[in-house]
> 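First the structure, which I've put down as structure tokens, then a few questions once you've had a look.
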Amino acid sequence: DVAAELLQDFLREHPDHEEARYLLLLSELHPAYDAGKAALESGLIHQAYNHFLEVTRRDAQFKDALAFFIHYGSTS
């Protein structure tokens, strides 16, 4: 993804830039979160759980991933 590549280039020159580091994290978390939502909508609870686990391991505050993880983790 172009945005992630640009952020990585920027971070090579400015490794302490926290906002850029967080934007890079967001660009990495969105695909897993979206995959979790899609799996949930398709009734694939175990698959959704795994995607939300991936997200919450890196950022427990990301959107509502933790709530999905807790709710569907208790039902699987």
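FYI, side chains are in, hydrogens and waters are out, and symmetry mates aren't considered; it's all heavy atoms of this structure. Numbering starts at 1 and runs along the sequence shown.
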> Is there a donor-acceptor pair under 3.5 Å between the side chain of Arg21 and the backbone N or O of Pro15?
yes
> Which residues satisfy the side chain to side chain contact (heavy atoms under 4.5 Å, CB included) test with Asp34, sequence neighbours excluded?
His30
> Taking a hydrophobic cluster as the set of Ile, Leu, Val, Met, Phe, Trp and Tyr residues connected by side-chain heavy atoms closer than 4.5 Å, whether directly or through intermediates, do Leu23 and Phe10 fall within one such cluster?
no
> Minimum heavy-atom separation for Ala20 and Leu11, please, with both atom names.
CB-CD2, 3.8 Å
> Could you see if Leu24 belongs to whatever hydrophobic cluster contains Leu6? Use Ile, Leu, Val, Met, Phe, Trp, Tyr and a side-chain cutoff under 4.5 Å.
no
> Mind listing the closest non-hydrogen atom pair of Ala65 and Val55 along with its distance?
CB-CG1, 3.7 Å
> Output the distance between atom CD (Glu19) and atom CG (Leu7), rounded to the nearest 0.5 Å.
11.5 Å
> Could you state whether Leu66 and Ile45 fall into the same hydrophobic cluster, counting links through intermediate Ile, Leu, Val, Met, Phe, Trp or Tyr residues with side-chain heavy atoms under 4.5 angstrom apart?
yes
> Heavy atoms, side chains only, cut-off 4.5 Å: are Tyr33 and Asp64 in contact?
yes
> Give me the atom names and distance for the closest heavy-atom approach of Ala4 to Ser27.
CB-OG, 3.8 Å
> Using the salt bridge (charged side-chain N to carboxylate O under 4.0 Å, His left out) rule, collect all pairs that involve residues 49-59, keeping only residues at least two apart or in two chains.
Glu28-Arg58
> Among Gln47, His46, Glu41, whose side-chain contact (heavy atoms from CB on, under 4.5 Å) with Leu44 holds?
Gln47
> Where does the angle between the aromatic ring planes of His17 and His14 fall among parallel (under 30°), tilted (30 to 60°) and perpendicular (over 60°)?
perpendicular
